[in-house]
*Asks:* 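Here's a structure for you.
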Amino acid sequence: MRAMQEPLMEIYARLFAHFGAQHWWPHSEGGAFEIVVGAILTQNTAWANVEKALANLARARLLTPTAMQRVAPTRLATSIRPSGYFNLKAKRLKAFTQFLFAEHRGSLARLLALATPDLRAALLGVYGIGPETADAIILYAAHQPIFVVDAYTRRIFARLGLARADAPYAELQALFMAHLPHDEKLFNEYHALIVALGKNLCRKTAPRCQACPLRGLCPADLSIPRKRVIMRPAIFQEFRSRI
DNA sequence: GCCCAGGTGGGTA
DNA sequence: TACCCACATGGG
């Protein structure tokens with residue numbers, strides 16, 4: 001039997017073996033700006049709806065900072081209607097381009113070249129950009145190693161017994177940042193795999209534990225009769241004492 | 001018809 | 001600080 005890896009790497013390895021590479025924004029047609037727009041549009045929204053909105057924006061030639069800065073808010077809202085919260089998100093996209101022109105001469109590249117702490121602080125100062133969106137931009141558009149936490153991450157790692165269900169964003173993020181190498185490619189793939197697991201198997205209701213690649217690691221495994229659940233998997237024991 | 005989705009900001013106690 | 005709520009479309 002091979003040597004046991006760190007729990008977080010063991011989980012990653014299992015997810016990757018099960019789902020394979022997710023190819024999140026590897027070279028994005030629309031470039032970094034499309035990634036930023038996608039990160040804002042996907043807030044509390046299924047990605048399939050975001051794709052429709054992005055297609056509308058591309059067709060309307062609105063996927064550039066300049067075009068988005070110039071377009072009327074109502075027209076922008078109409079384009080992104082399929083992504084939901086369209087009035088709100090139009091306002092957020094406008095706030096971002098406004099910020100880009102006011103602070104960085106309209107150059108996204110200039111913004112994304114900032115060091116991680118400065119970039120994050122700048123992004124968090126923009127209306128409509130919170131920690132998850134900021135980190136998604138830093139990781140997927142700026143290609144800087146920062147771990148993106150989302151609702152799936154919280155749910156999955158709470159079920160695994162490695163985080164509290166109400167753990168604040170920063171605490172969850174610190175869990176990963178403290179125990180994984182700061183590798184952009186790893187963080188990219190890990191987050192995408194968490195989304196794949198949360199969306200397909202570790203669902204909020206009716207999770208498919210039977211088919212889960214983390215079966216055997218998870219105390220919440222619903223495919224195990226309740227009275228048979230005895231204790232936390234051994235590989236988490238020592239790990240938990242350190243987190 | 002009902003639930004859920006890759007959150008965030010604003011208001012109230 | 002700690003909740004509670006608005007924001008909205010589309011797929012299962």
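Bear in mind the structure is a predicted one, so any value in this text is a computation, not a measurement. We name chains A, B, ... by the order of the sequence lines, and we start the count at 1 in each one.
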*Asks:* B:dG10 and C:dA8: how far apart are their P atoms, nearest whole angstrom?
*Replies:*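 Their P atoms lie roughly 15 Å apart.
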*Asks:* Other members of the hydrophobic cluster containing A:Tyr127, with the 4.5 Å side-chain heavy-atom rule, please.
*Replies:*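 Besides A:Tyr127, the cluster holds A:Tyr85, A:Leu88.
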*Asks:* I'd like to check the salt bridge (Lys or Arg N to Asp or Glu O under 4.0 Å) partners of A:Arg159; sequence neighbours left out, ordered by chain and number.
*Replies:* none
*Asks:* Mark up nucleotides 7-13 of chain B, 5' to 3', with B wherever a protein heavy atom is under 4.0 angstrom from a base atom, S wherever such an atom reaches only the sugar-phosphate, and - elsewhere.
*Replies:* BBSS---
*Asks:* Check the hydrophobic clustering (I, L, V, M, F, W, Y; side-chain heavy atoms under 4.5 Å; chains of links allowed) and say if A:Ile194 and A:Met177 are grouped together.
*Replies:* yes
*Asks:* Of all residues at least two apart in sequence or in a different chain, which pass the ring-ring contact (aromatic ring centres under 6.0 Å, His included) check with A:His18?
*Replies:*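 Testing A:His18 for ring-ring contact (aromatic ring centres under 6.0 Å, His included), a comparison that skips the adjacent residues, returns none.
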*Asks:* Just the endpoints, please: which first and last nucleotides of DNA chain C, 5' to 3', lie under 4.0 Å from a heavy atom of chain A?
*Replies:*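 Going 5' to 3' along DNA chain C, contacts run C:dC7 to C:dG11.
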*Asks:* Residues in ring-ring contact (aromatic ring centres under 6.0 Å, His included) with A:Phe99, at least two apart?
*Replies:*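 Result, ring-ring contact (aromatic ring centres under 6.0 Å, His included) vs A:Phe99: A:His104.
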*Asks:* Hey, does A:Lys52 reach any base, or is it just sugar-phosphate, or nothing, if we go heavy atoms under 4.0 Å?
*Replies:*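 Sugar-phosphate contact only.
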*Asks:* Suppose we screen for side-chain hydrogen bond (donor to acceptor under 3.5 Å, both in side chains). Which residues come up paired with A:Thr42, at least two apart in sequence or across chains?
*Replies:*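 Testing A:Thr42 for side-chain hydrogen bond (donor to acceptor under 3.5 Å, both in side chains), a comparison that skips the adjacent residues, returns none.
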*Asks:* Return each pair, listed once, that meets side chain to side chain donor-acceptor pair (under 3.5 Å) where at least one residue sits in residues 189-206 of chain A; pairs must be two or more places apart or across chains.
*Replies:*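 Non-adjacent pairs meeting side chain to side chain donor-acceptor pair (under 3.5 Å): zero.
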*Asks:* Just to verify, what does A:Ser83 make a side-chain hydrogen bond (donor to acceptor under 3.5 Å, both in side chains) with, not counting sequence neighbours?
*Replies:*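 Once residues adjacent in sequence are excluded, A:Ser83 has no partner under the side-chain hydrogen bond (donor to acceptor under 3.5 Å, both in side chains) criterion.
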*Asks:* Would you please name every residue forming a salt bridge (Lys or Arg N to Asp or Glu O under 4.0 Å) with A:Glu171, sequence neighbours left out?
*Replies:*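 Result, salt bridge (Lys or Arg N to Asp or Glu O under 4.0 Å) vs A:Glu171: A:Arg164.
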*Asks:* Taking only nitrogen or oxygen atoms into account, show me every contact under 3.5 Å that the protein makes with nucleotides 2-4 of chain B, one pair per line with its distance.
*Replies:*
none

*Asks:* Taking only Watson-Crick and G-U wobble pairs with both distances under 3.5 Å, what dot-bracket line describes DNA chain C, where [ ] shows pairs that cross earlier ones and | shows pairs with another strand?
*Replies:* |||||||.||||
